[in-house]
Amino acid sequence: MQIPRSLRRADTAFFARDSKTLARQLLGQRLVHVTGGTRLSGMIVETEAYLGVIDRAAHTYGGRRTERNSSMWGAGGHAYVYLIYGLHSCMNVVAGRAEEPVAVLIRALRPEKGIDRMYERRAAARRDTDLCSGPGKLCQAMGIDRELDGINLTGDRLFVELLRSRQLPASSIATGPRVGVDYAGEWAAKPLRFAIRDDPNVSRPPPEQ
DNA sequence: CCCGTGATTTAT
DNA sequence: TAAATCACGGGG
């Protein structure tokens, strides 16, 4: 089968931008994990931007630099994967440049390849929209865990395929406050969550603006 | 609504 | 060294 010429991989330059722009730019692109000789993939339909040292909701707020968040301090184009609530992995795409600890949380995918494998990994899922409709769910379905923390996203294991060269029109992007950051004061309300409007795989539709 | 679950962070 | 926290998900 012919691979479309337009299908290129996101490179270092693609990731080296501010996290808010990258969060929008990632919508409609494809996340791929090659594992155990098989390919699992899904189209990114929901993201959140984390703005680094100024952002009270970010793990790097105030310049915090710990063993857990060290991937966020590296160059853009690497993964930041961490465990939350002792149970669930969450995957971020590190944006910007080294020493600028900004990232984009991947919150939901539309499952594409390896859907049968995803069901095997996620016993609780009843339909396709249960597979990747949340940051923990998609990591479980895609087999992404802390072993992949710090991995280079321009390599051959975990990467982004660009399905569109332009970002989606603003009219098809829903925005809203980020999820689960109520502790973050004024930063909790900022519209830093982005989703493809009306996509059934979104973890929860952002409130109407 | 509540609760599991445990690494990480922060307080003492 | 101890306590609190937590970018979540599943089951009532």
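Lettering of chains follows the sequences in order, A, B, ..., and the numbering in each one begins at 1. What you see is a predicted model; the values in this text were computed from it and never measured.
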Gap between atoms CG and C1', on Leu83(A) and dG9(C) respectively (whole Å):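 In whole Å, dG9(C) C1' and Leu83(A) CG are 13 Å from each other.
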Between P on dG4(B) and CD1 on Ile84(A), what's the gap in Å once rounded to a whole number?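 My rounded result for the distance is 17 Å.
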Are the side chain of [X] and the backbone N or O of [Y] linked by a donor-acceptor pair below 3.5 Å?
X: Glu46(A); Y: Ser203(A); result: yes
X: Arg197(A); Y: Ser171(A); result: yes
X: His33(A); Y: Met142(A); result: yes

Does [atom1] in [X] sit with more than 12 non-hydrogen atoms of other residues, nucleotides or ligands closer than 6.0 Å?
X: Asp116(A); atom1: CG; result: yes
X: Lys20(A); atom1: NZ; result: no
X: Arg97(A); atom1: CZ; result: no

Using the P atom as the point on both nucleotides, what is the distance between dA11(B) and dA7(C), in whole Å? 16 Å
Problem - Nearest-angstrom distance, P atom, dT12(B) to dC6(C) - result: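 Here dT12(B) and dC6(C) have their P atoms 16 Å from each other.
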**Q.** Salt-bridge contact Arg39(A)-Glu161(A) (side-chain N to carboxylate O under 4.0 Å)
**A.** yes
Quiz item: cation-pi between Arg17(A) and Phe14(A), 6.0 Å / 45°: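 Here Arg17(A) passes the 6.0 Å and 45° test against Phe14(A).
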Rounded to the nearest 0.5 angstrom, the CG-CE distance for Leu31(A) and Met43(A) is 12.0 Å
Within residues 121-154 of chain A, the residues having a heavy atom closer than 4.0 Å to DNA chain B are Arg146(A)
Nucleic acid contacts - residues 42-73 of chain A versus DNA chain B, non-hydrogen atoms under 4.0 Å: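 Residues of residues 42-73 of chain A under 4.0 Å from DNA chain B: Arg64(A), Thr66(A), Arg68(A).
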Pairing string of DNA chain B (Watson-Crick or G-U wobble, both atom distances under 3.5 Å; | = paired to other strand) is ||||.||||||.
